[in-house]
Amino acid sequence: MARYDQAAVEAKWRAKWVERGTDRLDLDRVAKPFYNLMMFPYPSAEGLHVGNVFAFVGSDIQGRYHRLLGYDVLEPMGFDAFGMHSENFALKHGRHPAEMVPKNIDNFRENQLKKIGLMLDWSRQVDTTSPEYYRWTQWMFVTLLKNGYAYKKKAPVNWCPGCKTVLAAEQVIDGECERCSSVVTKKDMEQWYFRTTAFAQELLEELDHIDWSERTKTAQRNWIGRSQGAEVTFRVENGPDFKVFTTRPDTLYGATYMVFSPEHPLLDEITRPEKRADLADYREKAARLSEVDRQAENRDKTGVFTGALAVNPVNGDKIPIWAADYVLMGYGTGAIMAVPAHDQRDFDFAVKFNLPIRQVVSPDGQISDPPAEAYSGEGRLVNSGPFDGLPAKEEGGPAITNKLKEQGLAEFKINYRLRDWCVSRQRYWGPPIPVIYCDQCGLVPVPEKDLPVVLPYLEDYKPDGSGFSPLRRDEAFFHATCPTCGGPATRETDVSDNFLCSAWYFYRYPSTEFSDRPFDPIRTKKWLPVDLYVGGNEHAVLHLLYSRWLCKALNQCGFIDFNEPYKRFVAHGMIVRDGAKMSKSRGNVLNPDEYINAFGADAFRMYLMFMGAYLEGGDFREGGVKAMKSFLDRLWTAILPEDGQQLPETGLQEAETSYWLHSTIKAVTADLARFSYNTAIARLMELINHLTKNQVKSRVISEAVIKMLAPLAPHVAEEMWELLGHSGTVFNGGWPAWDEAATLRTTVEYVIQINGKVRGKLELPAGLEEAAIEPQVLANPAVARWLEGQTMVKKIYVPDKLVNLVVKPT
RNA sequence: GCGAGAGUGGCGGAAUUGGUAGACGCACUGGCCUUAGGAGCCAGCGGACUAGCGCCGUAGGGGUUCGAGUCCCCUCUCUCGCACCA
């Protein structure tokens with residue numbers, strides 16, 4: 001069988017696309033803009049991972065498909081090259097990121113990305129490490145600072161001893177550093193934060209109105225973590241007031257003790273002198289615990305009594321105040337009322353320290369004493385004075401809250417689990433935070449005209465664990481002049497989290513030619529928000545959340561007129577190999593280049609898309625890519641004219657072939673729209689099988705097949721398109737239309753069931769009435785046999801599909 | 001524990017609204033072709049058995065229905081997210 005030379009064909013079209021400018025777009029002169037975005041990679045020294053290829057190809061198919069549908073598709077690419085990934089790699093191999101990164105980018109682009117047939121407009125590339133780019137990253141910082149969305153505070157932060165820097169909560173995975181897997185510890189440090197919590201409610205609510213993969217939305221909802229309840233004011237006996245947050249104000253009568261987080265400032269004031277030594281001791285121990293230790297302790301409760309008593313505002317009970325690390329300073333007010341009867345954590349604590357347990361909610365009106373575990377279900381209030389008998393959660397809570405509210409002792413309150421984004425990093429390889437400290441003027445943002453604050457080249461860029469960035473060691477960088485008063489000043493030496501670089505990159509692509517603004521208002525109006533964003537779900541609460549937040553901030557500051565950056569986000573699946581995750585330690589990492597060299601990018605793309613449902617991922621098996629190349633060879637043979645021959649203009653006289661063609665077009669169209677690439681490919685295979693078996697060839701069929709193949713296997717599609725005599729690109733050729741009438745069968749195969757079991761099949765003209773079918777069914781010998789000695793009970797008739805006869809013995 | 005998703009041949013995976021389970025492909029088996037083939041072509045390929053015009057079969061158990069992979073209830077397993085968040 002004829003085989004085409006994939007290396008030659010693909011090289012030819014790579015060159016032709018550049019030469020013809022096929023993938024370049026005049027952004028101002030388009031009728032139907034479609035912004036097709038894929039998550040830009042960090043250019044690792046190891047090169048492009050097969051997971052990247054999978055992600056990009058799935059996105060590229062959408063771009064190419066939309067182009068065939070007639071859209072003007074913007075499909076840009078860039079490099080997320082700042083950050084600890086690059087820096088850690090450089091450190092480990094004794095190299096310098098400033099020298100390593102450009103080489104990596106070059107390798108990614110020239111040797112890898114350009115060989116997988118992506119419809120990328122390279123004239124719009126962004127590189128987050130170039131001063132022209134990070135100038136505007138710094139501008140974002142300054143803008144956020146000026147508008148009150150950035151601030152500095154001293155607080156316990158996540159410290160990675162491996163990377164020697166602080167991390168955002170989102171970058172701590174199971175108590176470990178997302179980058180280096182070191183166990184993260186707590187440190188009290190002054191850091192820069194972005195006020196992500198300012199938009200907690202909007203970030204949550206708007207999830208209901210955007211077209212995103214459900215699992216991504218779920219991850220964000222969990223992360224934002226809305227809790228509805230009340231903030232209640234308690235009093236320390238002979239001492240100050242303090243507030244607690246509770247989601248169960250209905251259980252206020254069941255509060256038998258109070259717990260403060262060990263870091264709670266009020267503890268210093270209220271702890272009785274004889275308990276101070278205990279508290280100091282406990283605080284020290286708690287501070288030493290890492291996140292992992294806290295979790296590994298398996299929730300075994302610890303704590304100390306402060307000697308102080310609190311007064312319960314609902315009944316005047318005096319209850320002891322404890323300090324315990326199961327209460328976190330960062331959530332709510334850092335203090336809680338403990339209701340051991342109805343909260344398992346409080347219950348465990350009460351049992352351990354022998355504190356009273358008082359039931360105030362009963363599922364059945366009975367009072368069970370003593371309970372074996374906390375009951376947090378529905379029920380009616382008991383032991384709750386005037387509120388006894390009320391359904392606890394839905395009526396009791398509001399009633400008690402309202403009563404206290406009248407006395408100014410409570411208010412309804414919603415709390416979010418989301419924390420402000422800690423953005424400063426004590427590292428080298430990032431955009432310096434553009435702030436100057438002046439003895440006279442205080443904290444001064446670097447004026448826009450002075451941006452970028454250029455990252456100096458440091459020979460020794462190792463983080464030193466001092467709590468300061470290595471930039472602090474560069475005297476020339478550190479000392480500055482105050483932009484306001486001209487006096488001596490110093491620079492902020494921390495760099496910003498690399499997630500700030502990626503939170504805005506998609507605004508830049510359409511505006512890369514403007515050097516005096518981060519994004520042009522007219523371009524932005526035309527091209528944003530992004531129409532389709534395809535990427536990995538691992539960024540659900542990182543990049544995707546940060547960029548949504550930044551969008552809201554930019555909107556509030558008046559720079560953009562939309563509130564959500566991506567109209568649609570689709571989370572692709574993950575590729576495994578022979579059922580196991582690919583990882584360096586397993587030694588089963590796949591090198592895409594090998595397969596591309598052996599079988600071609602088209603076959604590789606096709607196989608990646610065929611392995612499984614794109615949204616669920618797939619299992620890479622040896623041999624699949626080769627099989628896909630032979631499919632492309634078969635397709636080539638099946639639809640191209642043989643030497644010296646012409647294709648007949650139409651070969652659709654046969655109803656069967658016409659049916660196959662039109663229903664394939666219809667189905668493939670639907671498949672591409674819902675990312676079912678695997679079934680789209682399967683349908684193309686079926687069509688090719690039909691054509692081969694029946695030796696049908698025609699221009700109409702071939703052109704339609706090529707167009708359907710084009711998004712999946714662009715190089716070979718272009719080659720075949722040219723062989724059919726076309727001079728332009730197939731991607732300007734339009735998507736094939738189908739004739740709905742041709743997708744309908746003139747005869748249909750009825751399934752005949754007796755009592756729901758298939759007993760026969762019957763070929764009949766389509767569209768028959770029940771009355772016309774019945775005699776033929778009954779006359780069918782295969783059916784008649786099953787009806788002997790039976791009485792008909794019921795007949796079910798599904799047009800053009802099935803007849804089910806329900807019978808019983810006579 | 002909470003939330004989301006999933007469980008179908010030897011394998012990857014298909015199956016609009018409930019309507020022929022296993023499309024498509026891999027692997028395997030037999031045959032053809034070939035000097036040769038990690039090539040190509042044809043055919044077979046869920047299971048058991050007493051070998052059928054029959055029976056069983058979509059994690060397990062129950063239910064709804066003329067009819068269930070699909071809907072409902074219970075159980076089990078796996079993956080992902082969150083997790084001492086009051």
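For the numbers below, each heavy atom of this structure counts, side chains included, while hydrogens, waters and symmetry mates do not. Protein chains get the first letters and strands the later ones, always in sequence-line order, with residue 1 at the start of each.
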Find out whether the Lys NZ or Arg CZ of A:Lys629 is both under 6.0 angstrom from the six-membered ring centre of A:Tyr4 and within 45° of the ring's axis.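 Ring-cation test returns yes.
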Could you check whether A:Lys301 makes a cation-pi contact with A:Phe349, meaning its NZ or CZ is under 6.0 Å from the centre of the six-membered ring and within 45° of the ring axis?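 No, A:Lys301 does not lie over the aromatic ring of A:Phe349.
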RNA chain B: A:Gly225 or A:Gly623, which has the more 5' nearest nucleotide?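 Checking each residue's closest nucleotide, the 5'-ward one belongs to A:Gly623.
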Take A:Tyr607 and A:Arg683, find for each the nucleotide of RNA chain B with the closest heavy atom, and name the residue whose nucleotide sits nearer the 5' end.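 Final value for this comparison: A:Tyr607.
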Can a donor-acceptor pair be found, under 3.5 Å and without considering hydrogens, that links the side chain of A:Arg419 to the backbone of A:Arg417?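 Pair found, side chain donor or acceptor close to backbone of A:Arg417.
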Answer yes or no: is there a donor N or O on one side and an acceptor on the other, between the side chain of A:Asp420 and the main chain of A:Thr197, under 3.5 Å?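 Such a contact is found between A:Asp420 side chain and A:Thr197 backbone.
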If you check the [X] side chain, which of [options] turns out closest?
{"X": "A:Met685", "options": "B:C66, B:G25, B:A15", "value": "B:G25"}
{"X": "A:Lys626", "options": "B:G81, B:U20, B:G38", "value": "B:G38"}
{"X": "A:Leu802", "options": "B:A14, B:U20, B:G19", "value": "B:G19"}
{"X": "A:Ala682", "options": "B:G25, B:A23, B:G19", "value": "B:A23"}
{"X": "A:Phe245", "options": "B:A86, B:C66, B:A23", "value": "B:A86"}
{"X": "A:Arg759", "options": "B:G67, B:C55, B:G40", "value": "B:C55"}
{"X": "A:Asn678", "options": "B:G13, B:G19, B:A86", "value": "B:G13"}
{"X": "A:Arg634", "options": "B:C66, B:A14, B:C41", "value": "B:C41"}
{"X": "A:Arg417", "options": "B:U20, B:C82, B:A15", "value": "B:C82"}

Tell which nucleotide pairs with [N], taking only Watson-Crick or G-U wobble pairs whose two distances are both under 3.5 angstrom.
{"N": "B:U35", "result": "none"}
{"N": "B:U16", "result": "none"}
{"N": "B:G7", "result": "B:C76"}
{"N": "B:A23", "result": "none"}
{"N": "B:A51", "result": "none"}
{"N": "B:G81", "result": "B:C2"}
{"N": "B:G69", "result": "none"}

Confirm from the modelled atom types if [X] and [N] form a donor-acceptor pair under 3.5 Å, side chain to base only.
{"X": "A:Asn222", "N": "B:C82", "answer": "no"}
{"X": "A:Lys801", "N": "B:U17", "answer": "yes"}
{"X": "A:Lys795", "N": "B:C66", "answer": "no"}
{"X": "A:Gln753", "N": "B:G19", "answer": "yes"}

Gap in Å between the two [atom1] atoms, one belonging to [N] and one to [M], rounded:
{"N": "B:G69", "M": "B:G3", "atom1": "C1'", "answer": "25 Å"}
{"N": "B:G18", "M": "B:U65", "atom1": "C1'", "answer": "9 Å"}
{"N": "B:G22", "M": "B:C45", "atom1": "C1'", "answer": "12 Å"}
{"N": "B:G1", "M": "B:A83", "atom1": "C1'", "answer": "8 Å"}
{"N": "B:G31", "M": "B:G12", "atom1": "C1'", "answer": "27 Å"}
{"N": "B:G37", "M": "B:G30", "atom1": "P", "answer": "15 Å"}
{"N": "B:C73", "M": "B:G19", "atom1": "C1'", "answer": "24 Å"}
{"N": "B:A4", "M": "B:C56", "atom1": "C1'", "answer": "35 Å"}

Atom [atom1] of [X] to atom [atom2] of [N]: distance rounded to whole Å?
{"X": "A:Asn689", "N": "B:C41", "atom1": "CG", "atom2": "C1'", "value": "13 Å"}
{"X": "A:Ile224", "N": "B:A83", "atom1": "CD1", "atom2": "P", "value": "13 Å"}
{"X": "A:Phe260", "N": "B:C84", "atom1": "CZ", "atom2": "C1'", "value": "18 Å"}
{"X": "A:Ile173", "N": "B:A83", "atom1": "CD1", "atom2": "C1'", "value": "13 Å"}
{"X": "A:Gln220", "N": "B:G3", "atom1": "CD", "atom2": "P", "value": "20 Å"}
{"X": "A:Phe620", "N": "B:C11", "atom1": "CZ", "atom2": "P", "value": "20 Å"}
{"X": "A:Phe599", "N": "B:C26", "atom1": "CZ", "atom2": "C1'", "value": "14 Å"}
{"X": "A:Trp223", "N": "B:C2", "atom1": "CH2", "atom2": "C1'", "value": "16 Å"}

For A:His690 and A:Trp660, take the angle between the two ring planes, folded into 0 to 90°, and tell me which bin it lands in: parallel under 30, tilted 30 to 60, perpendicular over 60.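 Parallel.
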Using 30° and 60° as the class boundaries, would you call the ring planes of A:Tyr375 and A:His342 parallel, tilted or perpendicular?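 A:Tyr375 and A:His342: perpendicular rings.
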Over 12 foreign heavy atoms within 6.0 Å of NZ, A:Lys285: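 Incorrect, the count does not exceed 12.
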Could A:Arg248 and A:Asp343 be called an ion pair, given the rule that one side-chain N must be under 4.0 Å from one carboxylate O?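 Salt bridge absent between A:Arg248 and A:Asp343.
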Heavy atoms under 4.0 Å, any strand shown: does [X] hit a base, just sugar-phosphate, or nothing?
{"X": "A:Arg226", "answer": "nothing"}
{"X": "A:Arg621", "answer": "sugar-phosphate"}
{"X": "A:Glu749", "answer": "base"}
{"X": "A:Ala335", "answer": "nothing"}

Going by the glycosidic torsion and a 90 degree boundary from 0, is the base of B:G18 oriented syn or anti?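 B:G18: anti.
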Using OP1 and OP2 only, check whether a side-chain N or O of [X] sits under 4.0 Å from [N].
{"X": "A:Thr218", "N": "B:C80", "result": "no"}
{"X": "A:Arg215", "N": "B:A6", "result": "no"}
{"X": "A:Lys761", "N": "B:U20", "result": "no"}
{"X": "A:Lys757", "N": "B:C56", "result": "yes"}

Any non-hydrogen side-chain atom of A:Tyr614 less than 4.5 Å from a side-chain atom of A:Ile61?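 No - every pair of side-chain heavy atoms lies 4.5 Å or more apart.
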Among A:Phe54, A:Phe610, A:Tyr595, find the one that has a ring pair (Phe, Tyr, Trp, His ring centres under 6.0 Å) with A:Phe620.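 Among the candidates, only A:Tyr595 passes.
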